[in-house]
Structure formats: C-alpha cells, structure tokens
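The block underneath contains the structure these notes are about, expressed in structure tokens.
As the structure is a computational prediction, the values presented were derived from the model and not from experiment. If you read the sequence from its start, that first residue is 1, and numbering goes on from there.
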Amino acid sequence: MSAVDDGGVFHRARGRTLDAFSAEKEREWKGPFYFIQGADPQFGLMKAWSVGDCDKGGDEWGPEIRLTEQAVQAINRLNPKPKFFVLCGDLIHAMPGTPWRQEQTEDLQRVLKELDREIPLVFVSGNHDIGNVPTAESIAEFCQTWGDDYFSFWVGGVLFLVLNSQFFYDASRCPALKQAQDQWLDEQLSIAGEHQCQHSVVFQHIPLFLQSIDEDDDYFNLTKSVRQEMADKFTKAGIKAVFSGHYHRNAGGTYQDLDMVVSSAIGCQLGKDTHGLRVVVVTAEKIVHRYYSLDELSEKGIEDDLMDLMKKK
C-alpha cells in the first residue's frame with residue numbers, strides 16, 4: 001500500500017532531525033518552556049476492544065476521531081502556545097498490511113491538520129504503526145507517511161531524542177536497521193553526556209518499565225536485560241526523562257536520576273484513567289509534568305502553579 005500524502009502540512013523528520021527547529025538557533029537555553037505529550041490515538045482500537053477482536057474488529061473509529069479533535073482544540077486554545085506536541089506512537093490501530101490502515105491514516109491526518117500551524121507535531125513510531133516485528137518495508141512506509149522513525153532535535157537548549165522502540169522489542173527481521181539506530185543513539189548520548197545541553201529527554205513508544213526497573217517482563221514493558229541496558233545508558237548520559245505511551249494507563253517510576261513517564265491514551269483506555277494529554281514544563285533545574293483529562297484541559301487550561309514555573313527566568 002502506498003503511503004498517504006498529507007500535502008506537506010506536517011513538519012517531517014528527515015536526515016535524523018526535525019525541520020521545524022533550527023539546531024543552531026535552539027542549542028542555547030532561553031528560559032522555561034513547555035510542550036504537550038499525547039499517546040495512542042490508535043484509531044480503531046475502541047471498537048476492536050469492545051468486541052473482543054483486536055486483530056479484525058477495528059472497522060470503526062468515530063470515537064477516536066472526536067477525542068483527537070477535542071485534543072487538538074484544547075491545545076489550540078492554550079496561551080502561551082506549547083513549543084511542540086509529541087504523539088508517542090500507535091497513531092492508528094490497523095497493523096501494516098491489514099484492512100482499514102489507509103482510511104485510519106487519512107482520518108488521523110485530517111484531524112491533525114487542524115492543529116495550530118505554529119505548534120510543530122512530533123511523531124513517534126509505535127508497534128501498530130510499524131508492526132510488532134518490524135520490517136524494512138513497514139519502517140519505510142512509516143517514514144514516507146510520518147517522517148523518520150528515529151531522530152533528534154533541539155528546543156531551547158534541550159536535546160530531544162525520538163527512538164524506534166520496536167528495535168528493542170524484536171528486530172529479528174531488520175537487524176541492520178537496529179544496528180544503525182544503536183550506533184546513532186550512542187553518538188547522540190555522547191553529546192548529552194558531555195553536558196552540551198541544559199537537559200536531554202527521550203521519547204519512545206514502549207516504556208522501559210511501568211513502575212520499577214526490576215519488575216517482571218510484560219507485554220507493556222521491555223525485557224529486563226534490554227531495559228537495564230538502556231536505563232544504564234540513559235542515566236550515564238544524564239538523560240532526565242523518558243516519555244512513553246503503549247500502556248493505555250498512567251504509570252511510571254524512577255531509576256537513579258531517570259524519570260520514566262508512562263502516559264495514558266488519547267484513545268482507548270485499558271484502566272481507570274481518562275482520555276488525556278500530559279503537560280510538560282521544562283525549567284533550568286527540572287522537568288515537571290502533569291496529566292490532564294481532555295475535559296480538564298479544554299475547560300480550565302493549565303493550572304497556575306505550572307504557569308508560574310514558566311515565568312521564572
């Protein structure tokens with residue numbers, strides 16, 4: 001299937017960086033700012049989950065369209081504007097090569113085109129976007145549709161790394177591509193480790209862990225050996241936080257100085273959380289985040305204590 005053409009509306013990650021931001025202009029710290037993190041709009045899962053057939057049941061996605069429209073409208077009303085909006089994977093539910101994939105993609109792109117043009121979108125690949133066991137072909141389709149599957153960019157002196165976490169899950173059908181990301185990541189972490197940035201942050205779909213580094217292996221986390229290796233790499237380089245989705249519930253924990261943040265979904269909820277978005281405030285000293293339901297963010301906006309953090313120079 002050919003990738004869907006969005007008409008050039010979205011900023012694309014090309015050449016392992018994001019064209020929305022100039023690295024030269026954004027490498028210096030300029031004061032506090034914030035961004036919005038969302039995850040798992042996953043058009044089609046709510047119907048599939050309700051009928052108990054996640055392989056073939058996702059033939060309707062009206063609720064996800066309305067929820068994502070609400071998310072976009074809530075973000076557009078925020079003042080000041082967030083620096084960017086990152087979607088941490090599972091953009092749609094239909095796996096590569098399955099029915100409804102193109103239709104879900106077209107509908108999601110149509111909704112996302114309503115986002116304020118001054119707020120760049122950052123796309124992260126999830127398992128439903130490139131397959132549980134990705135291939136060179138499925139990754140190429142994602143890159144053509146949404147941009148690079150891994151890349152880095154600078155905003156206000158902060159280095160952001162976007163990773164393809166399916167390589168950590170099962171890269172058996174594309175080992176050379178995993179090796180390329182591994183090499184690239186080591187290069188990026190060396191920049192972070194040399195403290196050439198105010199902070200460094202990672203975005204990926206699958207969490208390292210849900211609550212603690214030594215928890216049991218689960219569908220929703222990385223295996224113990226992989227998560228330990230990655231967490232040690234990240235902490236050695238001074239990564240402050242990893243933001244993920246995938247779990248469709250809010251979760252997270254810490255490992256040494258690393259904050260593992262797991263955000264619930266814009267779309268289908270698998271726990272007791274509400275459809276929502278996470279507001280992330282970056283100050284000179286720390287990264288503060290809070291999950292808002294879509295209704296809360298739509299009706300009340302960002303709370304005063306978070307807004308006050310952005311006023312401190």
Side-chain angles (χ1 to χ4, degrees), residues 4-13 18-21 26 30-43 46 61-92 104-124 145-147 153 155-156 158 160 162 201 203 243 245 250 261 263-269 273-282 287-311:
V4 179
D5 181 9
D6 63 31
V9 171
F10 305 121
H11 291 281
R12 298 301 186 87
L18 189 64
D19 65 6
F21 299 105
E26 294 290 344
K30 301 171 185 176
F33 64 89
Y34 81 104
F35 62 87
I36 302 293
Q37 183 218 5
D40 302 274
Q42 203 160 341
F43 282 24
M46 293 176 76
W61 48 93
E64 288 96 335
I65 288 176
R66 291 188 289 274
L67 288 163
T68 307
E69 286 175 340
Q70 184 181 3
V72 167
Q73 291 163 5
I75 294 170
N76 284 346
R77 283 196 289 266
L78 294 175
N79 184 26
K81 299 180 193 295
K83 286 289 187 178
F84 60 87
F85 173 30
V86 57
L87 276 171
C88 281
D90 280 3
L91 307 175
I92 59 173
Q104 290 173 4
T105 299
E106 289 173 345
D107 279 347
L108 178 60
Q109 289 184 334
R110 176 179 54 78
V111 173
L112 293 178
K113 285 177 184 179
E114 298 304 312
L115 185 71
D116 187 318
R117 297 293 182 89
E118 295 182 19
I119 305 173
L121 261 166
V122 180
F123 296 109
V124 181
T145 305
W146 301 107
F153 62 99
V155 176
V158 177
F160 293 95
V162 173
V201 172
F203 299 122
F243 289 90
N250 286 309
V261 185
S263 290
S264 196
I266 293 172
C268 187
Q269 301 297 310
D273 293 296
T274 54
H275 311 281
L277 296 166
R278 190 172 296 273
V279 175
V280 186
V281 178
V282 183
I287 297 173
V288 180
H289 52 86
R290 187 172 301 160
Y291 187 83
Y292 286 82
S293 74
L294 295 181
D295 288 342
E296 288 172 335
L297 198 61
S298 298
E299 295 168 7
K300 300 178 182 178
I302 301 172
E303 292 164 294
D304 290 343
D305 61 327
L306 293 184
M307 294 296 289
D308 289 342
L309 288 174
M310 287 182 276
K311 297 175 184 177

* **Residues in side chain to side chain donor-acceptor pair (under 3.5 Å) contact with Trp61, at least two apart in sequence or another chain** => Asp107
* Can you name the ring-ring contact (aromatic ring centres under 6.0 Å, His included) partners of His11, sequence neighbours left out? -> none
* Without swapping roles, check the side chain of His289 against the backbone of Val279 for a donor-acceptor pair under 3.5 Å. => no
* Asked: Would Val158 and Phe33 count as a side chain to side chain contact (heavy atoms under 4.5 Å, CB included) if you check the C-alpha gap in whole Å, the side-chain angles of each, and the deciding distance to 0.1 Å?
  -> CA-CA 10 Å; Val158 177; Phe33 64 89; 3.9 Å; yes
* State which residues pass side chain to side chain donor-acceptor pair (under 3.5 Å) with Gln42; sequence neighbours excluded, sorted by chain then number. => His93, His128, His248
* **Contacts of Glu114 that satisfy side-chain contact (heavy atoms from CB on, under 4.5 Å) - sequence neighbours left out** => Val72
* **Residue pair Phe160, Val162: steps toward the side chain to side chain contact (heavy atoms under 4.5 Å, CB included) verdict** => CA-CA 7 Å; Phe160 293 95; Val162 173; 5.7 Å; no
* Asked: Does Asp308 have any salt bridge (charged side-chain N to carboxylate O under 4.0 Å, His left out) partners at least two apart in sequence or in another chain, and if so, which?
  -> Lys311
* Full working for side chain to side chain contact (heavy atoms under 4.5 Å, CB included) between Ile287 and Val280 -> CA-CA 7 Å; Ile287 297 173; Val280 186; 3.5 Å; yes
* To do: Applying salt bridge (charged side-chain N to carboxylate O under 4.0 Å, His left out), name anything that partners Asp273, two or more places apart in sequence or on another chain.
  => none
* **By ring-ring contact (aromatic ring centres under 6.0 Å, His included) - contacts of Phe21 (at least two apart)** => Phe153
* To do: Could you list the residues that satisfy side-chain contact (heavy atoms from CB on, under 4.5 Å) with Glu118, not counting sequence neighbours?
  => Lys81, Asp116
* Just by modelled atom types, is the Val288 backbone N or O under 3.5 Å from a matching donor or acceptor in the Tyr34 side chain? -> no
* Applying the side-chain contact (heavy atoms from CB on, under 4.5 Å) test to Leu121, which of Leu18, Val86, Leu112 qualifies? -> Leu112
* Pairs involving residues 31-42, ordered by first then second residue, that meet salt bridge (Lys or Arg N to Asp or Glu O under 4.0 Å) (sequence neighbours left out) -> none
* To do: Just jot down the side chain to side chain donor-acceptor pair (under 3.5 Å) partners of Gln37, sequence neighbours excluded, or say none.
  => Ser263
* State which residues pass side chain to side chain donor-acceptor pair (under 3.5 Å) with Gln269; sequence neighbours excluded, sorted by chain then number. => Ser264
* **Qualifying residues under side-chain contact (heavy atoms from CB on, under 4.5 Å), relative to Asp305, sequence neighbours excluded** => Arg290, Glu303
